[in-house]
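Numbers here are sequence positions counted from 1.
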Amino acid sequence: MDFSQSQIHKQASKHQKKRLTQDQVRVLEGSFSYDKKLEQERKVQLARELGIPPRQIAIWYQNKRARWKTQTLELEYSALQLRLDGVVADKKRLEREVDRLRGELQRTQEMVLGLAVPSSPLCSLSLSCEENGSPSLLGDANCHWGNAERLHAAELYRCLMGAEDPTAK
């Protein structure tokens, strides 16, 4: 080995940092969990207690903060992803419910349009229950289309609820 290789080997040995023992890491972890920032006096105290240079402690803290921040972001992302999944599932459920209700509304509109409208704005409709217990609309046999008017929603509501025609008073 010549002089230059020997010189390089010595410099590399000087700059190689020592690996921390499990006990040292445990002490640093405990200190980090207490406070994420390292004050100068705490750094010096830990260096004396652990027998390692203060610079190595500062670098350990810096690296630990970076790892901690990444882990925190990953946990937050996971929590947000779970919430998003729940919201997406709710959205799909609500979309199915909206489709079901639209179909029900369309069937009801078709049923209402199939009923004749008498000369008065209110048709005598009765609400009854079929054998399976679900309500169905039964139109009066005397209802005719008249002049092809359709029931408006408010008029239909009054018919269904058995209310009197407010204009008839």
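Remark: Lys36 NZ is packed, more than 12 non-hydrogen atoms of other residues, nucleotides or ligands lying under 6.0 Å away. Enclosure of atom CZ in Arg102 is not indicated, since only 12 or fewer non-hydrogen atoms of other residues, nucleotides or ligands lie within 6.0 angstrom. Counting non-hydrogen atoms of other residues, nucleotides and ligands closer than 6.0 Å to CZ of Arg83 gives a total of 12 or fewer. Applying the 6.0 Å contact sphere to CD of Gln62 captures no more than 12 heavy atoms from other residues, nucleotides or ligands.
Rounding to the nearest 0.5 Å places OG1 of Thr70 at 6.5 Å from CD of Glu74. In this structure, Lys91 NZ and Leu84 CG are separated by 11.0 Å, a value rounded to the nearest 0.5 Å. Atom CD in Gln56 sits 7.5 Å away from atom CD1 in Ile59 (nearest 0.5 Å). The CG atom of Leu113 sits 10.5 Å away from atom OG1 of Thr108, with the distance rounded to the nearest 0.5 Å. With rounding to the nearest 0.5 angstrom, the CD atom of Gln45 is 10.0 Å from the CG atom of Leu38.
Residues that satisfy the salt bridge (Lys or Arg N to Asp or Glu O under 4.0 Å) test with Glu110, not counting sequence neighbours, are absent from this structure. Partners of Arg65 by salt bridge (Lys or Arg N to Asp or Glu O under 4.0 Å), not counting sequence neighbours: none found. Arg93 meets the side chain to side chain donor-acceptor pair (under 3.5 Å) test with no other residue; sequence neighbours excluded. With sequence neighbours left out, the side chain to side chain donor-acceptor pair (under 3.5 Å) criterion links Gln71 to no other residue.
The hydrophobic cluster of Leu80 has no other members, since no ILVMFWY side-chain heavy atom comes under 4.5 Å of it.
Residue pairs meeting the salt bridge (charged side-chain N to carboxylate O under 4.0 Å, His left out) criterion with at least one member in residues 39-52: none, sequence neighbours excluded.
Across every non-hydrogen atom of Tyr61 and Asp35, the tightest pair is CE2-O, 3.5 Å. Minimum interatomic distance between Pro53 and Ala47 (heavy atoms only, all atoms of both residues): C-CB, 4.2 Å.
Under the 4.0 Å criterion applied to side-chain N and carboxylate O atoms, Asp99 and Arg96 are not assigned as salt-bridge partners. Ion pair Glu95/Lys92 not flagged as a salt bridge, since none of the NZ, NE, NH1 or NH2 atoms sits closer than 4.0 Å to an Asp/Glu carboxylate oxygen.
Put simply, the side chain of Ser31 never gets that close to the backbone of Val27: no donor and acceptor are under 3.5 Å apart.
Hydrophobic clustering (ILVMFWY, side-chain heavy atoms < 4.5 Å, transitive): Val44 and Leu20 are in distinct clusters.
Applying side-chain contact (heavy atoms from CB on, under 4.5 Å) to Gln24 and the options Leu46, Leu50, Ile57 leaves one that passes, Leu50.
Side chains of Trp60 and Glu29 form a contact here, defined as non-hydrogen atoms less than 4.5 Å apart.
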